[in-house]
There are 2 protein chains.
Amino acid sequence: MSRELRVGLHAAIVAVTGEQPRVLTVPDPAGDLPTALPFGPLDPDQHRTLELGLRAWVQEQTGMELAYVEQLYTFGDRDRASSDADGARVLAVAYLALVRERQLAEERGAWESVYAVLPWEDRREGEPNVLRDHIRPRLGAWVREGADTATRRLRRGRVDITFGSDSAGWDSERVLDRFELLYEAGLVAEAYRDRAGSTRTQPDPGFDEPLALDHRRILATALGRLRGKLKYRPLVFELLPETFTLLRLQRTVEALVGVRLHKQNFRRLVERGRLVEGTGRLESATGGRPAELFRFRREVLHERPAPGVGLPGLPPKRSRRA
Amino acid sequence: MSRELRVGLHAAIVAVTGEQPRVLTVPDPAGDLPTALPFGPLDPDQHRTLELGLRAWVQEQTGMELAYVEQLYTFGDRDRASSDADGARVLAVAYLALVRERQLAEERGAWESVYAVLPWEDRREGEPNVLRDHIRPRLGAWVREGADTATRRLRRGRVDITFGSDSAGWDSERVLDRFELLYEAGLVAEAYRDRAGSTRTQPDPGFDEPLALDHRRILATALGRLRGKLKYRPLVFELLPETFTLLRLQRTVEALVGVRLHKQNFRRLVERGRLVEGTGRLESATGGRPAELFRFRREVLHERPAPGVGLPGLPPKRSRRA
DNA sequence: TAGTAAATTCTCACTTTGAGCATAATGAGG
DNA sequence: CCTCATTATGCTCAAAGTGAGAATTTACTA
């Protein structure tokens, strides 16, 4: 009588290589879908916990043992992607995993640039072109299309708060909000897959190469969470080798947050937070004066309640003073 | 061949009355369990989204329409509570909902004090007695019981960081960490229900009146999330009437965070953050000089990226300066 | 009319930010 | 060997933000 219920376990496995955040993708196991995040169904008999089930699937599909793993969100909209595979109702439990660059070799799967999938999220070189040339204009159009004044006002407000405006500024953590807004406005391909009967034209192919299922939504959730958590948990160190220079640390954070930081102040924060300690050794391949190699001070976990790489109010546009 | 899979939708519905945070409980629908949070199974056919399913169950069981709702976490450990009802594997998707005190009347169900269920979380009057007289000593014993030095050191570290120590201080957001630690240490009744064959004695009845299933764990998750989010989202206002005095606002925040705040500084933060605006009206039943009634400035949502009731470094013990 | 209870205002001594300038150490190119 | 470009590190400064409390108001109560 009742439709069958299934649960998928999905992993956004993130690393940072060459100043780019990357996510591990695999060819779709079924073979008929585009590239996907590693995922597989929860086996109610075999998987003792959800996380163990996830680890098993990742191990099987990529050969990778995960260290840091964190649950993100459970998606279950009936009319959105994934679901309704063959008449069954399918939920997706999404996870974020962090791995070191070192592990990138020899595994199966490919490391896709996160910003190739979510291009509007990288503001390290200023506002990206896609945003200025494509997204903002179309969002403007979407606002104007609103049926009545109230709708238009509401839409304008959402656009301003998620994508920033003169008064609001860019909140790097609202990655999911931005993706969902683009989805609603019909600016990402996923929107078409889901509401087939839409009358709108296809979005620009180019800033739009979705992953299988709702995996881009999962990635957006992962990036948002990661950006937020970076500030109060020492997650970056899961992505860095044992020792690293302060610049390397900064570049890694910048890659994830998608924003440039003030060098001296960044170092001051890291040092004042006693997050790292110098190893007398130097790294000389810096291109300039050699830099000292530092390592993460694990003891900090026992000293302070919420240690993280304190991102300040972010250098660009600040919310104006009270 | 494969075991049946089911998904439950569970709601921690929180309000604040009389300076106490409360959670809505209902008599267990099945009738043979203790008091529970409102919950019910996801209907794969009827419920279009998980959240709609949740709202439907809450409506049915309590007659309440929810406004603010947020997904918390999905629990699925096989050997822990809820699961394995009648041979099926059961997951629990937990939600947090916030409602106004006004709505507390006429509904079915009872408003249980959150701190009656999680007594060690209320530090408004200083460290609660349960903590000093029962929990800390037992945690100390649990640390000493560790098989080897490494285990003991590890346990000590976890206790210090979750429950605070001289060097670490109390992190009000680690509600779930604390509950899980108590669970592992066998200091909460849930631990016995799950591992029947334990040799330890029953924990003190008294600081231990668990809800059905894993509902205390869900409540711990909810409180932790709420405490964290308060700082960067204007959630408190979901719990307050249209207008309120600044002291009322402060008391509500204190009730949730479980800590006392410095009055003048709290007001400064709220006003500088332009979170509220005065209505010329006064509330005279204050017992002293009448206080002005304020209202939430919704516009703030369009002005700043992360408005919240900035809880400062919290008055008591601070992490020592670098 | 004095006393009590809050609400509101202000101070004050630090700390923490946000921005830059100045110096130091290397490798590359002449 | 000297000069430059390049990156590492130090140091300074002014502007905000914090943590604690004292001082002043305005009602209500006895």
Side-chain angles (χ1 to χ4, degrees), chain A residues 19 169 231-232 243-252 254 257 259-294 304 306-322, chain B residues 19 169 231-232 243-251 254 257 259-294 304-322:
Chain A
E19 309 203 1
K231 288 163 192 153
Y232 60 97
T243 63
F244 45 81
T245 66
L246 291 181
L247 185 59
R248 171 88 180 273
L249 173 61
Q250 180 179 347
R251 293 289 180 238
T252 305
E254 289 174 339
V257 183
V259 159
R260 286 260 170 254
L261 302 171
H262 183 274
K263 186 159 160 175
Q264 293 91 328
N265 292 347
F266 178 81
R267 300 161 94 99
R268 178 171 60 189
L269 282 178
V270 168
E271 285 174 352
R272 195 176 38 63
R274 310 218 314 155
L275 281 167
V276 299
E277 64 190 354
T279 71
R281 297 185 298 125
L282 296 181
E283 161 72 59
S284 43
T286 55
R289 169 176 170 177
E292 182 167 8
L293 285 166
F294 289 78
R304 300 190 306 142
V309 182
L311 302 200
L314 299 188
K317 189 170 3 185
R318 302 194 44 205
S319 59
R320 70 175 164 301
R321 28 184 267 80
Chain B
E19 308 203 0
K231 288 164 193 152
Y232 60 96
T243 64
F244 45 81
T245 67
L246 292 180
L247 186 59
R248 171 87 180 274
L249 173 61
Q250 181 179 345
R251 292 290 180 236
E254 288 174 341
V257 183
V259 159
R260 286 259 170 255
L261 302 171
H262 183 276
K263 186 158 157 176
Q264 294 90 327
N265 293 347
F266 177 81
R267 300 162 93 99
R268 179 171 59 188
L269 281 179
V270 169
E271 286 174 351
R272 197 174 36 62
R274 311 218 315 156
L275 281 168
V276 300
E277 63 190 353
T279 71
R281 296 186 296 127
L282 296 181
E283 160 72 59
S284 42
T286 55
R289 169 175 172 178
E292 182 167 9
L293 285 166
F294 288 78
R304 300 190 307 144
V309 183
L311 302 199
L314 298 187
K317 190 168 7 183
R318 300 196 44 203
S319 61
R320 70 174 164 301
R321 27 183 268 78

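In what follows, every chain begins at residue 1, and chains take the letters A, B, ... in the order their sequences are listed. Heavy atoms only: backbone and side chains are in, while hydrogens, waters and symmetry mates are out.
Rounded to an integer number of Å, the gap from CZ of B:Arg274 to P of D:dG17 is 13 Å. Rounded to an integer number of Å, the gap from CZ of A:Arg248 to P of D:dT9 is 15 Å. Put simply, CZ on B:Phe266 is 17 Å from C1' on D:dA20, counting in whole angstrom units. Taking atom CD on B:Glu292 and atom C1' on D:dT26, their separation rounds to 14 Å, with Å as the unit. Straight-line distance from the CZ atom of B:Arg267 to the P atom of D:dG17: 20 Å, rounded to whole Å. Counting to the nearest Å, the P atom of C:dC10 and the CD atom of B:Glu271 are 11 Å from each other. The separation between A:His262 atom NE2 and C:dG20 atom C1' is 6 Å, rounded to whole Å.
In this structure, the nucleotide among D:dT18, C:dT17, C:dA19 sitting nearest to the side chain of B:Arg272 is D:dT18. For A:Asn265, the side-chain atoms get nearest to C:dA19 when compared with the rest of C:dA19, D:dT9, C:dT8. Closest to the side chain of B:Leu269, out of D:dT18, C:dA7, D:dA8, is D:dT18.
Side-chain contact between B:Arg251 and B:Arg260 is present, with at least one heavy-atom pair separated by less than 4.5 Å. Contact annotation: the side chain of B:Leu293 never approaches that of B:Leu282 to less than 4.5 Å [non-hydrogen atoms, C-beta and beyond]. The side-chain heavy atoms of B:Phe266 and B:Leu249, taken from C-beta on, include a pair separated by under 4.5 Å.
Residue A:Arg267 holds its CZ atom at 7.0 Å from CG of A:Leu247, rounded to the nearest 0.5 Å. Rounded to the nearest 0.5 Å, atoms CD (B:Glu271) and CG (B:Leu246) are 6.0 Å apart. Note that CD of B:Gln250 and CG of B:Leu269 are 10.5 Å apart. Values are rounded to the nearest 0.5 Å.
Heavy atoms only, all atoms of each residue included: B:Glu292 and B:Phe294 are closest at O-CD1, 3.3 Å.
When the side-chain nitrogen and oxygen atoms of A:Lys263 are compared with OP1 and OP2 of D:dA8, one or more of them lie within a distance under 4.0 Å.
Not a single donor-acceptor contact under 3.5 angstrom links the side-chain atoms of A:Arg268 to the base of D:dG10.
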Self-check item: Under 4.0 Å protein heavy-atom contact, by nucleotide of nucleotides 22-30 of chain C - B base, S sugar-phosphate only
Solution: --BBB----
